[in-house]
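Since the structure comes first, as structure tokens, the remarks are kept for the end.
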4 protein chains.
Amino acid sequence: MSLARAERKLTSRGHERRQELLRVAIDKFAEQGYHPTSVADIVGEVGVGKGVFYWYFTSKEDLLREILKDALLELRRHQQAAICDEPNPLRRIELGVRATLDWLAEHPEVQRLVDFARTEDTFADELRRGREISTEDAVRHLTEAMGQGLIKQGDARTMAIAIRGITDEISRTATDTDSPPPVEAVIRMTVHGLTGGAS
Amino acid sequence: MSLARAERKLTSRGHERRQELLRVAIDKFAEQGYHPTSVADIVGEVGVGKGVFYWYFTSKEDLLREILKDALLELRRHQQAAICDEPNPLRRIELGVRATLDWLAEHPEVQRLVDFARTEDTFADELRRGREISTEDAVRHLTEAMGQGLIKQGDARTMAIAIRGITDEISRTATDTDSPPPVEAVIRMTVHGLTGGAS
Amino acid sequence: MSLARAERKLTSRGHERRQELLRVAIDKFAEQGYHPTSVADIVGEVGVGKGVFYWYFTSKEDLLREILKDALLELRRHQQAAICDEPNPLRRIELGVRATLDWLAEHPEVQRLVDFARTEDTFADELRRGREISTEDAVRHLTEAMGQGLIKQGDARTMAIAIRGITDEISRTATDTDSPPPVEAVIRMTVHGLTGGAS
Amino acid sequence: MSLARAERKLTSRGHERRQELLRVAIDKFAEQGYHPTSVADIVGEVGVGKGVFYWYFTSKEDLLREILKDALLELRRHQQAAICDEPNPLRRIELGVRATLDWLAEHPEVQRLVDFARTEDTFADELRRGREISTEDAVRHLTEAMGQGLIKQGDARTMAIAIRGITDEISRTATDTDSPPPVEAVIRMTVHGLTGGAS
DNA sequence: AATGAATGAGACTTCATTCAT
DNA sequence: TATGAATGAAGTCTCATTCAT
């Protein structure tokens with residue numbers, strides 16, 4: 001019986017084709033949006049027949065899901081690699097934020113796709129789990145930091161979500177204005193206080 | 001030549017029809033996404049023919065643009081009304097954040113639409129201008145607060161964007177989990193410091 | 001909410017269009033086969049856009065099902081009308097066979113469609129029920145005839161099936177050779193004995 | 001130029017492969033229908049690449065034609081073997097009918113394929129010739145039987161077709177209901193009179 | 001002999017939009 | 001104003017067939 005597309009063993013040429021399709025799809029999706037981009041657009045750009053697309057992917061939907069899965073996995077890896085085994089929890093947050101801004105600056109297309117995916121139920125679930133995990137990670141660091149008296153006591157979960165809100169929005173704006181994200185300012189705000197109210 | 005739809009004078013019954021179409025469209029768009037929702041879906045739910053739709057709106061695209069324009073205008077009004085003539089700039093930020101969390105909690109559909117619109121060039125421009133304005137508003141308050149020594153000197157623009165990032169992401173999460181946004185925690189973080197680092 | 005296609009109320013023009021589509025589809029299906037006939041072929045012949053097809057039918061499959069349902073209903077009506085209230089059960093069989101040969105000769109396309117439908121599970125069920133009913137009808141007449149000593153005792157069900165086998169195959173051959181079915185010979189065989197063995 | 005596939009000399013392993021493809025194809029065709037079964041389905045089930053298929057068969061169409069040719073040849077052989085050199089023509093009919101019911105009961109898939117093939121012009125011709133021959137055979141026996149006064153004078157050709165109609169329909173029904181065909185009842189009807197009308 | 005990647009026409013179907021009634 | 005029939009381009013996807021390896 002034929003293998004599911006995902007499990008199919010690919011020749012090295014096949015692997016390259018697949019990557020090429022992914023790359024082009026990411027670009028087009030980010031540029032025009034998921035729905036406005038047709039499979040014909042994608043294969044047209046790569047210069048292959050439509051069948052090729054369906055040789056490597058089950059459907060257009062499957063393709064986006066694949067893209068999202070890969071991207072979030074990579075981002076996570078990037079973050080983990082940055083944090084490594086830093087003992088200071090507050091510094092871990094900092095390194096995580098830096099890594100995120102960094103990676104998103106290098107993959108501006110991805111954020112658009114994630115943002116889109118979040119607006120359509122079919123894809124939203126795919127993301128929720130990943131977001132949960134990243135939130136929990138941050139909560140862990142923040143809780144530890146509170147325990148060590150490095151930051152004031154507070155609602156760690158809300159803080160974690162806020163931090164993601166900041167990094168994401170800063171990244172979006174940086175991409176929109178085609179300028180590098182103000183990393184240091186963000187770090188100052190997230191780690192040393194958003195406004196540093198005089199209180 | 002016929003008038004542009006928007007400018008056409010409507011009977012009060014016509015006005016109601018239009019509002020009903022808008023309402024249904026917002027719900028469906030938020031629920032299933034813009035593209036997956038067809039014009040037939042919308043008019044079907046309202047119980048009118050397709051002609052009606054094209055009497056009130058130039059196109060499906062026009063409809064979403066209209067929705068976005070209206071929504072952002074309303075949000076802005078809500079914010080302005082809250083801030084009113086509060087003299088303390090930091091307090092103005094606070095009131096603005098409160099008003100935003102408030103309004104988004106009552107209009108969870110809108111945020112999805114805005115988030116989607118941001119991912120497709122056709123709509124993105126519509127939003128950029130509004131975002132610019134709201135950023136500038138916040139920058140003004142923050143700059144004034146710095147001038148008065150209420151908050152530490154810093155990059156006001158980045159702060160403004162960060163605050164929007166927080167309110168938006170907190171709102172999204174609140175909607176996702178169907179729970180009220182942790183308003184006080186957010187206020188504390190935005191106004192009195194995100195982590196309030198011990199430094 | 002929009003009505004299911006089947007229940008949609010049609011204008012008289014709409015009703016005609018639908019009939020035209022049915023007619024052309026029956027012809028094409030019978031001529032080239034169901035699968036080799038594309039929806040494009042059908043609407044092309046009628047001279048309308050593809051959307052029209054899907055305005056009147058849910059799918060190509062639905063269309064064939066509809067055709068089968070209508071055809072079998074009509075055939076049954078024709079048979080019933082012929083038998084009417086004939087008291088002699090053997091004569092009822094005769095009238096039924098005559099009516100069947102008659103109707104199939106006038107609707108040679110239908111038999112091909114039914115024959116095809118029988119070979120594909122999706123449609124086979126649609127037919128089985130109808131066949132059951134017609135078999136039971138014949139069994140009733142035959143049993144009554146046996147009771148009255150009009151025919152020898154025997155397996156009524158097998159007889160009924162055999163009679164259908166004869167009428168169908170005779171009809172097919174008549175259609176194939178483009179000649180009228182040998183009605184009298186068939187009647188003689190079915191009613192007075194297939195070979196009339198000398199036994 | 002390469003030899004026609006059919007004439008190519010095959011190694012014994014090659015012969016087996018071919019048979020396996022035929023066997024699987026017959027099963028799938030009978031199960032799902034000819035068109036709904038893809039070449040990929042067939043080779044997938046056998047566990048070979050697509051190239052293999054096209055090594056042994058010119059096309060999918062060719063495959064079905066081959067199947068039909070083989071099947072009808074085998075059925076004919078089975079019938080001939082049964083009739084052998086029976087001198088009584090009426091008994092020859094009986095033996096032929098028995099052999100046919102027998103063989104169709106053992107090869108229920110084949111009948112579906114033949115039935116399907118009859119509904120599509122591409123294959124119909126392939127079958128017509130075979131049907132002609134078998135009709136002529138039966139006509140010969142029947143005419144002889146009439147000459148010997150074993151059966152009443154009548155339209156031998158119509159009788160022959162009727163007999164085929166009976167055996168086929170009985171076989172189909174037996175397959176459908178997964179029960180053995182009522183051989184004796186059929187013999188009685190075909191040889192000694194369908195209803196044995198009292199006339 | 002065999003594989004599996006590639007092809008590309010064409011299948012079915014949807015849908016924004018128009019327009020006669 | 002309103003309807004619903006009609007349009008037809010475009011969308012996703014399938015599949016018989018070919019061919020480089």
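In this text, all values refer to a predicted model and were calculated from it rather than measured experimentally. Residue numbering restarts at 1 for every chain, and letters A, B, ... go by the order of the sequence lines.
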Report task. Go through E/dT3, F/dA6, F/dT3 for me and flag the one nearest to the B/Val52 side chain. Result -> F/dT3

Requested in this report: Taking the side chain as every heavy atom from C-beta outward, state whether A/Arg118 and B/Asp115 have any atom pair closer than 4.5 Å.
Outcome: no

Report summary line: Rounded to whole Å, the CD-C1' distance (A/Glu16 to E/dG4) equals 17 Å

Requested in this report: Considering non-hydrogen atoms only, spot the tightest contact between A/Leu127 and A/Val114 and give its length.
Outcome: CD1-O, 3.6 Å

Query raised in the report: Does C/Trp55 place a side-chain N or O at less than 4.0 Å from the phosphate oxygens OP1/OP2 of F/dA5?
Result: yes

Requested in this report: Tell me, please, which residues at least two apart from D/Asp41 pass side-chain contact (heavy atoms from CB on, under 4.5 Å).
Outcome: D/Lys28, D/Gln32, D/Thr37, D/Ser38

Report task. Could you state the atom-to-atom distance from CD1 of C/Ile42 to C1' of E/dT13 in whole Å? Result -> 14 Å

Query raised in the report: Dot-bracket for DNA chain F: what is it, with Watson-Crick or G-U pairs under 3.5 Å, [ ] where a pair crosses earlier ones, and | for a pair to another strand?
Result: .||||||||||||||||||||

Query raised in the report: Are OP1 or OP2 of E/dA6 and a side-chain N or O of A/Arg17 less than 4.0 angstrom apart?
Result: yes

Query raised in the report: Charged N to carboxylate O below 4.0 Å: is that the case for C/Asp70 and C/Arg65?
Result: no

Requested in this report: Among E/dA6, F/dT17, F/dA5, find the nucleotide with the atom closest to the side chain of D/Tyr54.
Outcome: F/dT17

Query - Any N/O donor-acceptor pair, A/Lys50 side-chain to E/dG10 base, under 3.5 Å - result: yes

Query raised in the report: Who are the ring-ring contact (aromatic ring centres under 6.0 Å, His included) partners of C/Phe29, not counting sequence neighbours?
Result: C/Tyr34

Query - Separation of atom CD in C/Glu61 from atom P in E/dA11, rounded to whole Å - result: 17 Å

Report task. Could you state the atom-to-atom distance from CG of A/Leu63 to C1' of F/dG11 in whole Å? Result -> 15 Å

Report summary line: Note: for D/Lys60 and A/Pro36 on DNA chain F, the residue whose nearest nucleotide lies more 5' is A/Pro36

Report summary line: Comparing B/His35 with A/Gly14, nearest DNA chain E nucleotide closer to 5' gives the residue A/Gly14

Report task. Under 4.0 Å between any heavy atoms, over every strand shown, what does D/Gly51 touch: base, sugar-phosphate, or nothing? Just pick one. Result -> base

Query raised in the report: Atom CZ of C/Phe29 to atom P of E/dA11: distance rounded to whole Å?
Result: 12 Å

Query raised in the report: With a 4.0 Å cut-off, would you call D/Glu66 and D/Arg18 a salt bridge?
Result: yes

Requested in this report: Report the C-alpha separation of A/Asp121 and B/Arg112 in whole Å, then their side-chain angles, then the decisive distance to 0.1 Å, and conclude whether the salt bridge (Lys or Arg N to Asp or Glu O under 4.0 Å) test is met.
Outcome: CA-CA 11 Å; A/Asp121 273 342; B/Arg112 265 215 172 172; 3.4 Å; yes

Query raised in the report: OP1 or OP2 of F/dA2 sitting under 4.0 Å from any side-chain N/O of B/Tyr56?
Result: yes

Query raised in the report: In whole angstrom, what separates B/His15's NE2 from F/dT1's P?
Result: 13 Å

**Report entry** Distance in angstrom units between D/Asp41 CG and F/dA16 P, rounded
**Finding:** 8 Å

Query raised in the report: Is the B/Phe116 ring parallel, tilted or perpendicular to the B/His35 ring (thresholds 30°, 60°)?
Result: perpendicular

Report task. Using only side-chain N and O atoms of A/Arg13, determine if any of them is under 4.0 Å from OP1 or OP2 of E/dG4. Result -> no

**Report entry** Length of the CZ-C1' vector between D/Phe53 and F/dA16, whole Å
**Finding:** 9 Å

**Report entry** Residue whose closest nucleotide on DNA chain E lies nearer the 5' end, A/Gly47 versus C/Ser59
**Finding:** A/Gly47

